[in-house]
Amino acid sequence: VQLQASGGGLVQAGGSLKLSCAASGRTFSSYAMGWFRQAPGKEREFVAHINRSGTSTYYAESVKGRFTISRDNAKNTVYLQMNSLKPEDTAVYYCAANGFLAVAVTAYKYWGQGTQVTVSS
């Protein structure tokens with residue numbers, strides 16, 4: 001599966017952005033999907049994941065209550081709605097696909113190219 005992330009940009013603290021990740025192929029619904037992020041000088045970290053049907057989600061503590069992951073299997077797309085953004089949310093955001101739910105970066109087989117999110121104070 002090939003993944004293409006979009007929707008990043010520059011936003012003020014307290015603002016919102018919605019990221020999208022479009023997948024190619026007809027097997028999107030067979031993959032669990034995750035969002036990760038990587039800030040300059042830091043390791044890539046888990047943000048959220050969602051199961052194949054979209055009925056189960058899980059978030060990192062740092063984004064819980066502010067971010068929402070969702071998916072539309074008919075459109076082969078996974079989303080990350082980000083509200084109440086903070087400067088520390090600044091990072092390149094990546095979507096990833098895997099055969100099972102996981103929080104580890106190394107567990108994911110397929111990755112998108114990343115989209116930059118910058119939150120100004």
Side-chain angles (χ1 to χ4, degrees):
V1 63
Q2 291 183 327
L3 305 173
Q4 180 79 30
S6 62
L10 174 64
V11 64
Q12 289 188 332
S16 298
L17 279 175
K18 186 173 185 178
L19 306 183
S20 299
C21 175
S24 63
R26 296 174 291 178
T27 59
F28 176 71
S29 60
S30 67
Y31 292 100
M33 298 297 298
W35 283 99
F36 293 77
R37 65 187 182 186
Q38 188 166 16
K42 294 187 177 181
E43 294 186 350
R44 192 170 298 188
E45 65 175 9
F46 169 80
V47 174
H49 67 47
I50 189 166
N51 67 345
R52 296 179 181 89
S53 62
T55 56
S56 177
T57 59
Y58 181 74
Y59 299 91
E61 283 297 323
S62 59
V63 306
K64 194 176 294 184
R66 301 187 298 121
F67 291 11
T68 302
I69 187 171
S70 62
R71 66 189 296 163
D72 185 337
N73 286 343
K75 295 182 178 179
N76 282 7
T77 303
V78 62
Y79 305 97
L80 186 68
Q81 176 68 49
M82 305 185 295
N83 298 329
S84 302
L85 282 161
K86 305 175 181 179
E88 51 264 43
D89 294 318
T90 295
V92 177
Y93 283 70
Y94 298 89
C95 58
N98 196 44
F100 54 90
L101 291 171
V103 298
V105 171
T106 53
Y108 283 77
K109 185 175 182 179
Y110 303 103
W111 290 85
Q113 86 290 359
T115 184
Q116 176 71 47
V117 172
T118 303
V119 185
S120 62
S121 56

* Asked: Is there side-chain contact between Arg37 and Val63, with heavy atoms separated by less than 4.5 Å?
  -> yes

* Asked: If you count the non-hydrogen atoms of other residues, nucleotides and ligands that lie under 6.0 Å from NZ in Lys42, is the total more than 12?
  -> no

* Asked: Do Met33 and Phe28 touch side chain to side chain, with heavy atoms closer than 4.5 Å?
  -> yes

* Asked: Under 6.0 Å from the CD atom of Gln2, do we count more than 12 heavy atoms belonging to anything else shown?
  -> no

* Search all heavy atoms of Ser16 against all heavy atoms of Gln81 and return the closest pair with its distance. => CB-NE2, 3.9 Å

* Are Leu101 and Trp35 grouped together when hydrophobic residues (ILVMFWY) are joined by side-chain heavy atoms under 4.5 angstrom apart? -> no

In a table with atom names and distances, give each donor-acceptor pair under 3.5 Å that connects a side chain of residues 3-14 to protein atoms at least two apart or in another chain.
none

* Counterpart residues, ring pair (Phe, Tyr, Trp, His ring centres under 6.0 Å), relative to Tyr31 (two or more places apart) -> Tyr110

* Looking only at atom types and distance, does a side-chain atom of Arg52 sit under 3.5 Å from a main-chain N or O of Ser30, one as donor and one as acceptor? -> yes

* What residue pairs, at least two apart or across chains, pass disulfide bond (SG atoms under 2.5 Å apart) with a residue in residues 40-90? -> none

* If you take all heavy atoms of Ala102 and Asn98, which pair is closest and at what distance? -> CB-ND2, 4.3 Å

* Selection residues 22-75 - residue pairs positive for disulfide bond (SG atoms under 2.5 Å apart), sequence neighbours left out -> none

* **ILVMFWY network linking Leu80 to Leu17, side-chain heavy atoms under 4.5 angstrom** => yes

* Residue pairs involving residues 37-111 (criterion disulfide bond (SG atoms under 2.5 Å apart); sequence neighbours excluded) -> Cys21-Cys95

* Can you tell me if Asn51 uses its side chain to pair, donor with acceptor, with the backbone of Gly54 under 3.5 Å? -> yes

* Cluster partners of Trp111, using ILVMFWY side-chain heavy atoms under 4.5 angstrom, listed by chain and number? -> Phe36, Phe46, Tyr58, Val92, Tyr94, Val103, Val105, Tyr108

* Grab the two heavy atoms, one from Thr77 and one from Lys75, that are nearest each other, plus how far apart they are. => OG1-O, 2.8 Å

* Structure fact -> Smallest heavy-atom separation, Val1 atom then Ala97 atom, equals CG1-CB, 4.0 Å

* So do Val117 and Met82 actually touch side chain to side chain, heavy atoms under 4.5 Å? -> yes

